[in-house]
Visitor: 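This is the structure I want to talk about, given as structure tokens.
Side chains are part of it too, since the values below use all heavy atoms of this structure and drop only hydrogens, waters and symmetry mates.
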Amino acid sequence: MATSSTQEEPLGRTGGRAEPAIPNDNAAHASLPARPRDRVLRAACVAVPPLWTALGVRQAAGTLRHYLRGTGRPYRVDARALLAVPAVREDVDRRLAEWREAARARGEPGAYAADSGWRGVLITRRGSADWWLALRGAQYRVSGTVRVHEDGSVVSDYRFQVHKSWNFDRGESEFGVPFTPFARLHETGLAREFTAVGEVDGLVDQAGPEGGAAPDGDAEGPRESCPRGGLLVDTPASEG
């Protein structure tokens, strides 16, 4: 099987960013004096993670708790669980479909490097209230190798990474709740912004010859990750 030149740009790279971090206009950590109202707000926020945990909203509880602890250290999220969120899964599937199309367009069997670069995705409350509260949105990247076989079938081995510059942006709001008071917790040193990161490797996307079905079903339908042979294999999602 032929292998693509290492000098070629990876499939799917156009439009992706080289770096995931998103800057904001908040003041530096602990650069403002804390007011009584800031301390009252922090005390109220401390009561939220245990409540969310009791309600099963565990991802959101974890990120808010980490913010209030104020260490600023990176926080690891469950990338596999995030990949199952509809908005994220659909966006990743779109990238995988682009890889397949671009690889087949090369016109011959071969192995081609693929890399989406960093892309933004918004998480909706309807798709997952837990992840919506935890992140609202994130940057993700899929990278790997696309192999086109003699019969036209395509197998992509890939890695999924997630990155979130976790903060409350001054001047923004959600459902009428202003973020500025929460941003002040970072600015006054009562909490601290951090980076949420995660990754899952060993993912496989399979598609049959163009116009045909993949070995596991419809290659273009909704997909989910499931274990197979020690790897996580993307297969069409079950209905219902």
Side-chain angles (χ1 to χ4, degrees), residues 15-53 55 57-79 81-83 85-92 116-141 160-199:
R17 298 190 313 280
E19 299 295 334
I22 303 295
N24 64 57
D25 296 324
N26 294 353
H29 178 252
S31 62
L32 301 180
R35 306 171 303 191
R37 72 183 72 171
D38 298 320
R39 300 185 186 280
V40 170
L41 176 61
R42 186 189 185 283
C45 287
V46 166
V48 174
L51 174 61
W52 279 352
T53 298
L55 294 174
V57 191
R58 298 181 180 277
Q59 306 296 340
T63 54
L64 180 57
R65 185 181 293 112
H66 193 71
Y67 181 62
L68 297 171
R69 283 175 176 165
T71 66
R73 291 196 296 266
Y75 179 82
R76 185 159 292 276
V77 297
D78 186 344
L82 180 61
L83 184 56
V85 173
V88 180
R89 183 72 262 180
E90 289 168 11
D91 220 66
V92 169
S116 69
W118 289 99
R119 312 269 180 165
V121 60
L122 292 176
I123 299 167
T124 65
R125 184 175 57 167
R126 179 174 295 181
S128 172
D130 192 1
W131 283 106
W132 171 70
L133 285 168
L135 301 179
R136 293 181 66 234
Q139 308 302 310
Y140 78 87
R141 179 184 181 186
F160 171 76
Q161 298 170 273
V162 61
H163 182 286
K164 168 72 175 184
S165 299
W166 205 100
N167 59 71
F168 290 95
D169 288 313
R170 268 187 166 274
E172 290 192 10
S173 63
E174 187 82 33
F175 291 100
V177 178
F179 288 171
T180 298
F182 299 95
R184 278 189 58 87
L185 297 182
H186 164 81
E187 297 169 334
T188 58
L190 298 177
R192 191 161 192 169
E193 297 170 0
F194 60 92
T195 301
V197 297
E199 64 183 65

Visitor: Leu82 and Leu135: side-chain contact (heavy atoms from CB on, under 4.5 Å), yes or no, with the steps?
Guide: CA-CA 10 Å; Leu82 180 61; Leu135 301 179; 4.2 Å; yes
Visitor: Considering all heavy atoms of both residues, which atom of Pro49 and which atom of Ala61 are nearest to each other, and what is their separation?
Guide: O-CB, 3.5 Å
Visitor: Any sub-3.5 Å donor-acceptor pair from Thr180's side-chain atoms to Gly171's backbone N or O?
Guide: yes
Visitor: Quick one: are Gln139 and Val162 in side-chain contact, heavy atoms under 4.5 Å?
Guide: no
Visitor: Roughly how far, to the nearest 0.5 Å, is CG of Leu68 from CG of Leu185?
Guide: 7.0 Å
Visitor: To the nearest 0.5 Å, what is the distance between CZ (Arg141) and CD (Gln161)?
Guide: 5.5 Å
Visitor: Is it the case that Arg69 places NZ or CZ above or below the six-membered ring of Phe194, under 6.0 angstrom from the centre and within 45 degrees of the axis?
Guide: no
Visitor: What heavy-atom pair brings Ala21 and Ser165 nearest, and what distance separates the two atoms?
Guide: CA-OG, 3.8 Å
Visitor: Closest heavy-atom contact between Thr63 and Trp166?
Guide: CB-NE1, 3.4 Å
Visitor: Looking at CZ of Arg17 and CD1 of Ile22, how far apart are the two atoms once the value is rounded to the nearest 0.5 Å?
Guide: 4.5 Å
Visitor: Do Tyr67 and Phe182 make the cut of ring centroids closer than 6.0 angstrom?
Guide: no
Visitor: Please name the pair of heavy atoms, one in Leu190 and one in Ala34, separated by the smallest distance, quoted to 0.1 Å.
Guide: CD1-CB, 4.2 Å
Visitor: Given side-chain contact (heavy atoms from CB on, under 4.5 Å), test Glu187 with Glu193 step by step and report yes or no.
Guide: CA-CA 9 Å; Glu187 297 169 334; Glu193 297 170 0; over 6 Å; no
Visitor: Give me the atom names and distance for the closest heavy-atom approach of Ala28 to Ser31.
Guide: O-OG, 2.6 Å
Visitor: Between CG of Asn167 and CZ of Arg192, what distance do you get to the nearest 0.5 Å?
Guide: 13.5 Å
Visitor: Backbone N or O of Phe168 within a donor-acceptor pair of the Asn26 side chain at under 3.5 Å?
Guide: yes
Visitor: How far apart are the C-alpha atoms of Leu122 and Thr124, what are their side-chain angles, what is the distance that settles it, and do they pass the side-chain contact (heavy atoms from CB on, under 4.5 Å) test?
Guide: CA-CA 6 Å; Leu122 292 176; Thr124 65; 5.8 Å; no
Visitor: As an exercise, state the distance from NE2 of His66 to OG1 of Thr195, rounded to the nearest 0.5 Å.
Guide: 9.0 Å
Visitor: Would you mind listing every salt bridge (Lys or Arg N to Asp or Glu O under 4.0 Å) that reaches into residues 33-51, with sequence neighbours excluded?
Guide: Arg35-Asp38, Asp38-Arg184
Visitor: Looking only at heavy atoms, what is the nearest atom pair of Ser173 and Pro178, with distance?
Guide: CB-CA, 3.8 Å
Visitor: What pairs meet the side chain to side chain donor-acceptor pair (under 3.5 Å) rule with one or both residues in residues 127-138, with sequence neighbours excluded?
Guide: Arg136-Glu174
Visitor: Does anything in residues 15-39 pair up under ring pair (Phe, Tyr, Trp, His ring centres under 6.0 Å), and if so which pairs, sequence neighbours excluded?
Guide: His29-His186
Visitor: Could you measure the distance from the NZ atom of Lys164 to the OH atom of Tyr75? Nearest 0.5 Å is fine.
Guide: 14.0 Å
